[in-house]
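One structure below.
Owing to the predicted nature of the structure, the values given are computational and were not obtained by experimental measurement. Residue numbers count from 1 along this sequence.
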Amino acid sequence: MIAAMPETHSVVDDFVTKLKRRQVEGSLLTARHTAIVLRQVISHQRVTHSAPAATLIKAVKSVGLRMIEANPIELTVGNVVRRVLHIIREEEASLIMANAAGVSYAAESDDDDNSAAHSVLSATALAAANRSALRAPSLHNLLESLPSVQAGTHGASSSGADSEGRSKSVDRNPKISKLKHNVIEGINELLEEIDSYHSQVAEQAIEHIHQNEVILTYGRSRALLEFLLEAKKKRSFQVFVAEGAPRYHGHTLAKELAAADLQTTLITDSAVFAMISRVNMVIVSAHAVMADGGAMVPVGLHMVALAARRHAVPFVVLAGIHKLCPQYPHNPYILLNDMKSPSDIIEFGEVSDCMDGSLGSPCFQAVNPTFDYVPPELVSLFITDTGGHNPSYVYRLIAECYSPEDFVLK
């Protein structure tokens, strides 16, 4: 397996160390840092002329596996690695198809005035069609696969000097440089997608929250806060915030909502079932979305989802596309969870009498899990940066974002 180049060793080692020490946590931060590190790896990676894409794929997998093993619970690390691998495969196939189309149409006619425009348009069409072929067919990527005729003719109608400059530029920049440039541009677009996730989700708030409704939420996240504040601009509604013990992130969210003049009521977690009958909708944020349409959420939310199901209250989950994970939760409560310090639950001094020296006591344990898994049958709707989707549609989104050969990284 190909290792990272010396220029990027320190960057990769530093990020891996931070992941192991839990100095970088949360879906947004880990996704952004992973994309930045992989962009540097690709930029400095030396590749072979015979198989440039294969060399980049091996380098990204090598670094990606190290980052995933450093903190397996941060699933967005693996998600971003898969997205970058998909970008590499997509750009390689697009360049091959575009080059083949350009050579084919250039050989057909040298005298036709429209041959240049036809060649550019055809190359663009074939490249776009090839990118779509790497993804499952859907209405979302159908329009992307259709090239713009105006864009093609505009490029063909440029001056002869410009065309000559482009051809010389291609001569000076071999296939390797073009591939790396396109991949880096794709990663930059991925970073923009990650950074704009909160605002893209918040723009849809008006469509889901209506006048005089009562919303129940749990925990705290930036996406959730911006979603509720965006709805407040045009709607008057009330929010019940469960405190989210033992970390009590709900206290922070309740203060932020109250500071924005939004009617807010803080409740204990044990009061959720008693209050759910007054609620019109439950809106929460997810740590990750699994391939079966289930969601990894802050601990305690499975209880809330069951209460919502019992009272026929919609359970809505906010999640960015970078949180989509192509893995299935075979045993999510053990394999896909993280145990925090028991000190969040109880102080050591309060139970020291029950302990047998440094060995502890087999009769007393304190467990502090971080996440719950909410199965797809308890989720009403996922609101992502590309729109609202049912849990049954998650597999289609995953097929559009990742290549099947990268579902399992090894």
Side-chain angles (χ1 to χ4, degrees), residues 198 201-289 293-320 323 371-384 387-392 394:
H198 303 101
V201 170
E203 289 176 358
Q204 307 171 55
I206 303 299
E207 303 174 9
H208 301 280
I209 298 180
H210 303 95
Q211 188 72 14
N212 297 326
E213 284 191 334
V214 178
I215 307 299
L216 173 66
T217 188
Y218 188 103
R220 192 263 180 200
S221 72
R222 178 182 167 188
L224 182 60
L225 174 63
E226 292 190 10
F227 189 86
L228 295 174
L229 293 182
E230 182 67 23
K232 177 188 175 296
K233 294 179 180 179
K234 295 185 178 181
R235 300 283 191 272
S236 176
F237 59 97
Q238 182 179 358
V239 181
F240 288 170
V241 181
E243 60 183 358
R247 296 167 188 86
Y248 301 106
H249 292 163
H251 292 183
T252 303
L253 178 64
K255 293 177 182 177
E256 293 172 331
L257 296 177
D261 296 327
L262 183 58
Q263 188 175 357
T264 307
T265 303
L266 183 67
I267 64 174
T268 61
D269 299 340
S270 57
V272 167
F273 198 90
M275 305 296 291
I276 196 73
S277 60
R278 308 181 187 181
V279 172
N280 299 105
M281 183 184 301
V282 177
I283 302 178
V284 299
S285 183
H287 175 73
V289 178
M296 282 184 63
V297 293
V299 65
L301 268 174
H302 194 164
M303 170 192 69
V304 178
L306 290 173
R309 177 68 174 270
R310 176 67 178 82
H311 289 269
V313 175
F315 189 88
V316 178
V317 179
L318 310 181
K323 296 184 180 183
F371 301 109
D372 262 347
Y373 169 73
V374 176
E377 57 268 21
L378 298 181
V379 179
S380 304
L381 183 70
F382 286 106
I383 300 179
T384 71
H389 305 286
N390 290 325
S392 59
V394 168

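Counting heavy atoms from C-beta on, the side chains of Ile209 and Phe227 come closer than 4.5 Å. Between Leu257 and Leu229 the shortest side-chain heavy-atom distance falls below 4.5 Å. Lys323 has its side chain within reach of Ser285: a pair of non-hydrogen atoms, C-beta onward, lies under 4.5 Å apart. Gln211 has its side chain out of reach of Lys234: every pair of non-hydrogen atoms, C-beta onward, lies at least 4.5 Å apart. Counting only heavy atoms from C-beta outward, the side chains of Phe315 and Met281 never approach each other to under 4.5 Å. Looking at Val297 and His287, their side chains never come closer than 4.5 Å, going by heavy atoms from C-beta outward. Looking at Val394 and Val289, their side chains come closer than 4.5 Å, going by heavy atoms from C-beta outward. Looking at Val316 and His208, their side chains never come closer than 4.5 Å, going by heavy atoms from C-beta outward.
Of all non-hydrogen atoms in Tyr373 and Pro375, the two that sit nearest each other are O-CD, 3.6 Å. Across Ala202 and Glu230, no two heavy atoms sit closer than the pair O-CG, 3.1 Å. Heavy-atom minimum distance, Ala231 versus Ile206: CA-CD1, 3.8 Å. When all heavy atoms of Gln204 and Gly388 are compared, the closest pair comes out as OE1-N, 3.7 Å. Minimum heavy-atom separation, His302 to Asp372: N-OD2, 3.2 Å. Counting all heavy atoms, side chain and backbone alike, Val317 lies closest to Ala286 at CG1-CB, 3.4 Å.
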* Run the numbers on His198 and Leu225 for side-chain contact (heavy atoms from CB on, under 4.5 Å), then give the verdict. => CA-CA 9 Å; His198 303 101; Leu225 174 63; over 6 Å; no

* To do: Let me see the working for Val284 and Leu318 under side-chain contact (heavy atoms from CB on, under 4.5 Å), right down to the final yes or no.
  => CA-CA 6 Å; Val284 299; Leu318 310 181; over 6 Å; no

* To do: Could you go through the side-chain contact (heavy atoms from CB on, under 4.5 Å) check for Asn390 and Phe382 one step at a time?
  => CA-CA 6 Å; Asn390 290 325; Phe382 286 106; over 6 Å; no

* Could you please spell out the steps behind the side-chain contact (heavy atoms from CB on, under 4.5 Å) verdict for His389 and Thr384? => CA-CA 8 Å; His389 305 286; Thr384 71; 3.5 Å; yes

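To the nearest 0.5 Å, atom CZ of residue Arg309 and atom OG of residue Ser380 are 8.5 Å apart. Annotation: the span from Ile276 atom CD1 to Leu306 atom CG amounts to 11.0 Å, rounded to 0.5 Å. Distance CD/Gln238 to CZ/Arg278: 9.0 Å, rounded to 0.5 Å. The distance from the CG atom of Leu253 to the CZ atom of Arg222 is 14.5 Å, given to the nearest 0.5 Å. Rounding to the nearest 0.5 Å places CD1 of Ile267 at 5.5 Å from CG of Leu216. Taking CZ of Phe237 as the reference point, atom CG of Asn280 lies at 11.5 Å (rounded to 0.5 Å).
Classification of Glu213 and Arg235 as a salt-bridged pair fails, no side-chain N sitting under 4.0 Å from a carboxylate O.
Side-chain atoms of Thr264 come within 3.5 Å of backbone atoms of Leu262 as a donor-acceptor pair (strictly under, hydrogens ignored).
No hydrogens or angles considered: a donor-acceptor pair under 3.5 Å links the side chains of Glu243 and His251.
Proximity of the aromatic rings of Tyr218 and His249 is defined here by a centroid distance below 6.0 angstrom, and this criterion is not met.
Each of Val272, Val214, Thr217, Ile215 was evaluated against Val279; a single residue qualifies, Val214, per the side chain to side chain contact (heavy atoms under 4.5 Å, CB included) test.
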